[in-house]
> 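Here you go, one structure.
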Number of protein chains: 2
Amino acid sequence: MQRRSRQRDAILKVLEMEGVHPTAEDVLLEVRKEIPNVSLGTVYRNLDQLCEAGMIWKVQVEGEPCRYEGNPDRHLHAVCPFCGEIRDVWPSGDPVSRDSLPEEFAEAEYRLLLISPCKKCRRKDLKPAGPT
Amino acid sequence: MQRRSRQRDAILKVLEMEGVHPTAEDVLLEVRKEIPNVSLGTVYRNLDQLCEAGMIWKVQVEGEPCRYEGNPDRHLHAVCPFCGEIRDVWPSGDPVSRDSLPEEFAEAEYRLLLISPCKKCRRKDLKPAGPT
DNA sequence: GTGGATGCAAAGGATTTGCACCATT
DNA sequence: AATGGTGCAAATCCTTTGCATCCAC
């Protein structure tokens, strides 16, 4: 990533909005409001670059398209098993119980996704479903 | 899943081998040793069914095809960032530090993937890479 | 014999890529 | 002007599906 471009700036701006976790498609639609003819390829290329650069993060929920987010501070994600909504979760310490793991994982990196109904869905009385 | 079939039996047998985490493709090749003309569609259909039935599990590593495993006991997975090898990890208690999370996640389900070099790769001196 | 399971091939969705042109430095 | 970025469309990869046939019950 050496040069600047209107497109990348616009993409980054979308991801810098608070609490959003858009898919590439979502980003495309949002950016098109400003630059009507951006292409999906460009969005993907830039999202990749920004990830590499550590400026944004990818959030993967099984069986769904990748989501991206711009909040650089380390935090977790929770997905609602009913509606699929993703929300940020801010842990107060290490969310992994190292004590419960073999020595060799004392410092290991991890991907942790919480699965828990969102407020809206908690009201209704539904049975848990997806992600597998 | 109501009837039995040679194909499903064979697929299940592959997954019941200790410590394997094959992709659908891997399962196909293995099953073909016994039933040369199984199709990939059949493999996927049966893997899905067996997952639904809770007899096997799906393991998702970002950017890679799904892997499957037959060990029904609750455990974690660790992926090697260098070679992609997946190994089983048996925690001694709840691997999630509930104390570090907001109240509402006290009982939440989760997906946790550890990222840590395997023995072979620990010897070599490589820089961490993938999964994003 | 009935309806679930199969094999095949085609379709599908998400993401990547090749290429000629455009734009930033 | 050099070379990285873009738009477009085609390609790729993994997975799912439609359909005629097969086979377990």
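Sequence lines set the chain letters: A, B, ... in the order given, protein chains first and strands last, and positions in each chain run from 1. The structure presented is a predicted model; accordingly, all values stated were derived computationally and were not measured.
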> Using only side-chain N and O atoms of A/Y44, determine if any of them is under 4.0 Å from OP1 or OP2 of C/dT15.
yes
> A/Q7 near the nucleic acid: base, sugar-phosphate alone, or nothing, with a heavy-atom cut-off under 4.0 Å?
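Sugar-phosphate, no base atom in range.
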> Please report the distance, rounded to the nearest Å, between CD in B/E25 and C1' in D/dC13.
11 Å
> At less than 4.0 Å, is any side-chain N or O atom of B/N46 found next to OP1 or OP2 of C/dT6? Yes or no.
yes
> For the base of D/dG7, is there a side-chain donor-acceptor partner from A/R45 under 3.5 Å away?
yes
> Under 4.0 Å from OP1 or OP2 of C/dG7: is there any side-chain N or O of B/S39 that close?
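Yes, within the criterion.
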> Around A/E64, counting heavy atoms of other residues, nucleotides and ligands shown, do more than 12 lie under 6.0 Å from its CD?
yes
> Tell me: NZ of A/K58 to P of C/dT15, nearest whole Å?
7 Å
> Looking at A/T23, I'd like to know whether one of its side-chain N or O atoms comes within less than 4.0 Å of OP1 or OP2 on C/dA14.
no
> Using whole Å, what does the distance between atom P of nucleotide C/dT15 and atom CD of B/E64 come to?
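It works out to 16 Å between those atoms.
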> Could you verify whether a donor N or O on one side chain and an acceptor N or O on the other, from B/D88 and B/H21, lie under 3.5 Å apart?
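Note: B/D88 and B/H21 side chains meet the donor-acceptor criterion.
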> Between B/R4 and B/R32, just flag the one whose closest nucleotide in DNA chain C comes earlier from the 5' side.
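Result: B/R4.
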> Taking 4.0 Å as the cut-off, does a side-chain nitrogen or oxygen of B/Q49 come that near to OP1 or OP2 on C/dA5?
yes
> How close or far is atom P of D/dG4 from atom CZ of A/R3, stated in whole angstroms?
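So the CZ-P distance, A/R3 to D/dG4, works out to 6 Å.
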> Atom CD of B/Q2 and atom P of D/dA24: how far apart are they, to the nearest Å?
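Result: 16 Å.
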> Side chain of A/R8, backbone of A/R3: donor and acceptor closer than 3.5 Å?
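Yes, A/R8 side chain to A/R3 backbone: donor-acceptor pair under 3.5 Å.
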> Under a 4.0 Å threshold between the charged nitrogen and the carboxylate oxygen, would A/R111 count as salt-bridged to B/E62?
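No, B/E62 and A/R111 are not salt-bridged.
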